[in-house]
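Each remark here refers to the structure printed beneath this line.
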Amino acid sequence: MAGFDKIVASYEEAMAGLENGMTVLAGGFGLCGIPENLIAEIQRKGTSGLTVVSNNCGVDGFGLGLLLEKKQISKMISSYVGENALFEKQLLNGELEVELTPQGTLAEKMRAGGAGIPAFYTATGVGTPVAEGKEVKVFNGREYLLEEAIVGDFAIVKGWKADRYGNVIYRHTAQNFNPLAATAGKITVVEVEEIVEVGELDPAHIHTPGIYVNRVVLGTFEKRIEQRTVKPTE
Amino acid sequence: MALTREQMAQRVAQELQDGFYVNLGIGIPTLVANYVPDNMEVMLQSENGLLGMGEFPTEETIDADMINAGKQTVTAAKGASIFSSAESFAMIRGGHVDLTVLGAFEVDVHGNIASWMIPNKLIKGMGGAMDLVAGAENIIVTMTHASKSGESKLLADCSLPLTGKGCIKKVLTDLAWLEIENGAFILKERAPGVSVEEIIEKTQGKLIVPEHVPEMVFD
């Protein structure tokens, strides 16, 4: 009996059931806190026609950039893209569709999706190209846009530590979109650096409670740095 | 003389107040952090999910899991907190950030700002800029007064797609400090040695010039 045991033994098992045309929510900001091995597994599987919801789209040869190589992504929903040449090429060719979404709206779309709220109003984007085709409503004399929530068939998440119940904590700013994506996947898969015993994580410090998590897999991570900045040593 | 980038950062820093939570955009705004007065406590918010951004790390302390919204490796200052992107934008949209400083391509007399998209050029995205301008009460835009070819960036109406509508009240350019009120730019201060005539010439939108326009003062 598995009970609450969410641990799977392999990346293959972690991404089992992912099919062509599905929507995948991915945590991460730039290359920080991205589920790098789960992305690599999607590349290995070759699943295509994916809609990927992620703040960014990786770089050439790493992160979500890997999925561009075999043209596995048909649509990206992101706030900032174009750190990689392949993305630009596929966008200009019309092979890739992109829906640019303000970062805070993107985060809230995932949060709302996971929380069972189908849509929300925000002042972000009023009077801009983002407002096109969206309902505008006035509250207290100010205009707000109606933005719809996002849910995914899969959510792929990078955690720091998890227990077998699927309780997760994130490390530093590698948290970013990860806990939001975790709530909004029909199947939420978390890859972590360390699996700890149940009871080892302080219950008050858990970022993602296990109720949101379906599968946990243990990985090793490259953790590539996009903008290496250091202060001069005296 | 037009202000240097460092002088622009210094002038913005004069607007800081003790106890302010501040979000600094990429470019000149980032430099403002170098001019926080010693006798003042200011906490920097980075929209990827960090309140209390510290200095850059050393080669020994660099950590791929510790970055700012510009994706640069940073440290957390003493008393910092780290949270999700939804929490971060709740702070921003909810009006909890005291001052936001960001760059722009154009600003107009209605307080509109265009900063993210030039049609027919590659569009990379707005990132958090639309949330920042929609959420903040107190925003300072920093930019050059005119383009390299001499075209004004202070307009009657923005020509580029907007980042936000009616949200800008303060602009610092390399030539002047201006405020936006009732459909006009008001010239508040000029850069040392820059004439009112030059500012008038390089401002396309309606400009109100008070009788006395003081020069900016730097320490």
Side-chain angles (χ1 to χ4, degrees), chain A residues 27 29-33 55-56 78-83 88 91-92 98 100-112 122-131 143-145 160 170-180 207 221-233, chain B residues 46-50 53 55-76 80 82-93 110 112-114 116-117 119 122-135 158 161-167:
Chain A
F29 181 93
L31 299 180
C32 181
N55 191 55
N56 315 92
S78 303
S79 86
Y80 192 84
V81 291
E83 299 293 4
E88 186 178 339
L91 189 63
L92 296 172
V98 64
L100 291 171
T101 303
Q103 199 175 123
T105 298
L106 186 65
E108 193 64 12
K109 276 171 175 266
M110 289 192 199
R111 197 196 68 80
T122 176
T124 302
V126 169
T128 77
V130 166
E143 290 177 319
Y144 293 82
L145 293 184
W160 179 25
Y170 305 96
R171 190 166 174 276
H172 303 328
T173 60
Q175 180 172 164
N176 55 61
F177 282 84
N178 279 299
L180 311 169
H207 293 123
F221 298 84
E222 178 185 335
K223 293 195 186 179
R224 205 178 284 188
I225 293 174
E226 213 165 339
Q227 304 280 348
R228 171 177 283 269
T229 39
V230 292
K231 66 176 176 185
T233 35
Chain B
S46 192
E47 64 267 23
N48 56 316
L50 170 61
M53 180 167 62
E55 53 190 5
F56 291 134
T58 62
E59 285 293 350
E60 289 71 43
T61 60
I62 196 166
D63 187 334
D65 290 335
M66 195 64 223
I67 67 165
N68 64 16
K71 295 160 190 163
Q72 296 171 310
T73 44
V74 292
T75 58
I82 291 173
F83 33 80
S84 77
S85 302
E87 183 80 51
S88 185
F89 282 94
M91 292 173 194
I92 290 166
R93 248 191 267 98
H110 313 291
N112 297 329
I113 172 172
W116 72 285
M117 176 182 179
L122 183 72
I123 297 155
K124 293 193 171 187
M126 69 292 281
M130 286 190 182
D131 303 281
L132 281 160
V133 297
C158 285
L162 298 185
T163 307
K165 191 173 106 173
C167 48

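Since we're looking at a predicted model, the values are computed, not measured. Every chain is numbered from 1, with letters handed out A, B, ... down the list of sequences.
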One thing to verify: whether A/Lys223 and B/Asp63 come together as a salt bridge, which I'm taking to mean a side-chain N less than 4.0 angstrom from a carboxylate O.
no
Side chain / backbone / both / neither for B/Phe56 at chain A, heavy atoms under 4.5 Å
both
Chain B heavy atoms under 4.5 Å from A/Asn55: which part of the residue, side chain, backbone, both or neither?
neither
Chain B: which of A/Gly33, A/Ser78, A/Pro102 shares the most heavy-atom pairs with it under 4.5 Å?
A/Pro102
Does any heavy atom of chain B fall under 4.5 Å from the side chain of A/Pro179, the backbone, both, or neither of them?
side chain
Heavy-atom pairs under 4.5 Å with chain A - which of B/Gly128, B/Ser88, B/Gly127 has more of them than the others?
B/Gly127
Between B/Glu87 and chain A, which part of the residue has a heavy atom less than 4.5 Å away: side chain, backbone, both or neither?
neither
Measuring heavy-atom distances to chain A, does B/Gln72 have an atom under 4.5 Å in its side chain, in its backbone, in both, or in neither?
both
What option among B/Glu55, B/Met130, B/Met66 has the most heavy-atom pairs under 4.5 Å with chain A?
B/Met130
Tell me whether B/Asp131 contacts the main-chain N or O of A/Gln103 through its side chain, where contact means a donor paired with an acceptor under 3.5 Å.
yes
Between B/Arg93 (side chain only) and A/Gly104 (backbone N and O only), is there a donor and an acceptor less than 3.5 Å apart?
yes
Can you find a pair of side-chain heavy atoms, one from B/Met126 and one from A/Val130, that are under 4.5 Å apart?
yes
Given the rule in the salt bridge (Lys or Arg N to Asp or Glu O under 4.0 Å) test, do B/Glu59 and A/Arg228 qualify, once you have shown the distances and angles that lead to the verdict?
CA-CA 10 Å; B/Glu59 285 293 350; A/Arg228 171 177 283 269; 3.3 Å; yes
Let's go through B/Lys71 and A/Ile225 carefully: what are the C-alpha distance in whole Å and the side-chain angles of both, what is the deciding distance for side chain to side chain contact (heavy atoms under 4.5 Å, CB included) to 0.1 Å, and is it a yes or a no?
CA-CA 8 Å; B/Lys71 295 160 190 163; A/Ile225 293 174; over 6 Å; no
So which part of B/Asn68 gets closer than 4.5 Å to some heavy atom of chain A, the side chain, the backbone, both or neither?
backbone
Side chain, backbone, both or neither: which part of B/Ile67 has an atom under 4.5 Å from a heavy atom of chain A?
both
State, without any angle test, whether A/Asn176 and B/Ser85 hold a side-chain donor-acceptor pair at a distance under 3.5 Å.
no
Taking the side chain as every heavy atom from C-beta outward, state whether A/Gln227 and B/Thr73 have any atom pair closer than 4.5 Å.
no
Any non-hydrogen side-chain atom of B/Thr163 less than 4.5 Å from a side-chain atom of A/Thr128?
no
Could you check if a side-chain atom of B/Trp116 sits within less than 4.5 angstrom of a side-chain atom of A/Leu100, using non-hydrogen atoms only?
yes
Heavy-atom nearest pair, A/Tyr80 first then B/Gly125, reads CD1-O, 3.6 Å
For chain B, find which of A/Arg111, A/Glu226, A/Arg171 contributes the most heavy-atom pairs closer than 4.5 angstrom.
A/Arg171
